[in-house]
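This report refers to the structure that appears directly beneath it.
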Amino acid sequence: MRPLSLLAGRRLVIDQELVDFAVTAAVRAGRLTLDWYQSRGLEVGAKQDGSPVTEADYASERLLRAEIAAAFPDDTVLGEEEGVTGGAAGEAGRCWVIDPIDGTKAFAQGVPLFATLLALVDERGPCVGVICLPALNECVWAARGRGARWSRDAGKAPGSGEVCRVSGRDSLDGAYVCTSGLSYWPPLPLERVRSSGARVRTWGDAYGYALVATGRAEAMIDPECREWDVAPMSVIVSEAGGCFTDTAGADDWRSGSAVASNKILHSELLECFKGAGSRRVTG
């Protein structure tokens, strides 16, 4: 078996075979969710925290867990629906992070902006990330040291992907800033971002990060998120030339908030959150 990573300078470059595995598995799991998508018989349940869940969520996560267990049986897996399995972390402390349907509310409503997310985390943090948008037939992925790629025909991923880069816009005035919903924002940052002239759009969940990585939006901001929501985004946005931090500016994908940008505008966006309270607004 080939090594899973190669030392190049000071960075660990991820082996291409591992990237191909992650992309292929995520696309397969994403396509599975389409069996339930826009189905009139779709049943939507509620988890203990009140968030929605469907049989498609469970089926997608179980498919990914099975694929990972077959290929890397010693690795840990963290999934949104079934928690942590695998005991001690596998090679080099690796953990796979799964969000089988990011945007279950959109999925249940028949809106095509949901995604299947898969990330691999090693001792240095997220090193492989995949955003599969099955209803849009798109896939965006990246691996440490290998850049970010975008396929607009997910059935042909990973071989058909083209290199993708963040936008070069240098002003918030007119920039597209995505978010999952305005109700998650403290009032002051939202007022500051809006007054900058930025165009705030709720093209949220994973779709917003895909837009940033492919240069179609300048930023995606999640004032509140869970680790499986953003595990792939750190490596994807960074390898596309952008920047990913939490709202305090820390390089921490587990902190509970996220700001992804084209890097040029990152400092200005973080300034909008300085001194902000936590009271939510509605909208």
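FYI, the numbering just counts along the sequence from 1.
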(message) Please give me the minimum heavy-atom distance between V130 and C139, naming the atom from each residue.
(response) CG1-SG, 3.7 Å

(message) Tell me whether E80 is salt-bridged to K47, with the criterion being a basic N under 4.0 Å from an acidic carboxylate O.
(response) yes

(message) Closer than 4.0 angstrom, basic N to acidic O: yes or no for D75 and R94?
(response) yes

(request) Indicate yes or no: does R65 engage E82 in a salt bridge with an N to O separation below 4.0 Å. (result) yes

(request) Identify the two heavy atoms, one from W141 and one from G161, that lie closest to each other, and give their separation to 0.1 Å. (result) CH2-CA, 3.6 Å

(request) Would you mind reporting whether H266 and T245 have side-chain heavy atoms less than 4.5 Å apart? (result) yes

(message) Restricting to non-hydrogen atoms, name the atom on R146 and the atom on E239 that form the minimum distance, rounded to 0.1 Å.
(response) N-OE1, 3.6 Å

(message) Check for me, please, whether V212 and W150 land in the same ILVMFWY cluster - side-chain distances under 4.5 Å, paths through other members count.
(response) yes

(request) Output, in order, the C-alpha distance, side-chain angles, deciding distance and verdict of ring pair (Phe, Tyr, Trp, His ring centres under 6.0 Å) for F72 and F21. (result) CA-CA 11 Å; F72 308 106; F21 166 83; 5.1 Å; yes

(request) For residues T214 and V140, determine if any side-chain heavy atom of one lies less than 4.5 Å from a side-chain heavy atom of the other. (result) yes

(message) Is a donor from one side chain sitting under 3.5 angstrom from an acceptor on the other, for R169 and S167?
(response) no

(message) Can a side-chain donor-acceptor contact be found between S151 and D153 if the only test is distance below 3.5 angstrom?
(response) no

(message) Taking the side chain as everything from C-beta on, heavy atoms only, tell me whether V128 gets closer than 4.5 Å to V235.
(response) no

(message) Could you check whether any side-chain heavy atom of D102 comes within less than 4.5 Å of a side-chain heavy atom of I131, counting everything from C-beta outward?
(response) no

(request) Give the cluster check for I98 versus L18: same hydrophobic cluster or not, with ILVMFWY residues linked at side-chain heavy-atom distances below 4.5 Å. (result) yes

(message) Could you check whether any side-chain heavy atom of T116 comes within less than 4.5 Å of a side-chain heavy atom of L64, counting everything from C-beta outward?
(response) yes

(request) Look at the aromatic rings of W185 and F273 and report parallel, tilted or perpendicular, splitting at 30° and 60°. (result) tilted

(message) Tell me whether K263 is salt-bridged to E268, with the criterion being a basic N under 4.0 Å from an acidic carboxylate O.
(response) no

(message) Give me the atom names and distance for the closest heavy-atom approach of L118 to A22.
(response) CD2-O, 3.6 Å

(request) For the residue pair D246 and S257, confirm or rule out a side-chain donor-acceptor distance under 3.5 Å. (result) no

(request) Taking the side chain as every heavy atom from C-beta outward, state whether V193 and V200 have any atom pair closer than 4.5 Å. (result) yes

(message) Do L113 and L133 make a side-chain contact, defined as non-hydrogen atoms from C-beta onward lying under 4.5 Å apart?
(response) no

(request) Please list all pairs passing the salt bridge (Lys or Arg N to Asp or Glu O under 4.0 Å) test where one or both residues lie in residues 170-192, with sequence neighbours left out. (result) none

(message) If you define the side chain from C-beta out and look only at heavy atoms, does anything of V177 sit under 4.5 Å from R194?
(response) no

(message) Suppose the criterion is salt bridge (Lys or Arg N to Asp or Glu O under 4.0 Å): which pairs have a residue in residues 226-238, not counting sequence neighbours?
(response) E227-R254

(message) Tell me the closest heavy-atom pair linking W253 and V230, and the distance in Å.
(response) O-CG2, 3.4 Å

(request) Taking all non-hydrogen atoms of both residues into account, name the closest pair between S60 and P100 and its distance. (result) OG-O, 3.4 Å

(request) Assert yes or no for the condition that the ring centre distance of Y209 to W203 is strictly below 6.0 Å. (result) no

Identify each donor-acceptor pair in which a side-chain atom of residues 36-46 lies under 3.5 Å from a protein atom, sequence neighbours left out, and give them as a table.
from	atom 1	to	atom 2	distance (Å)
Y37	OH	G110	O	2.8
Q38	NE2	G110	O	3.1
S39	OG	G41	N	3.2

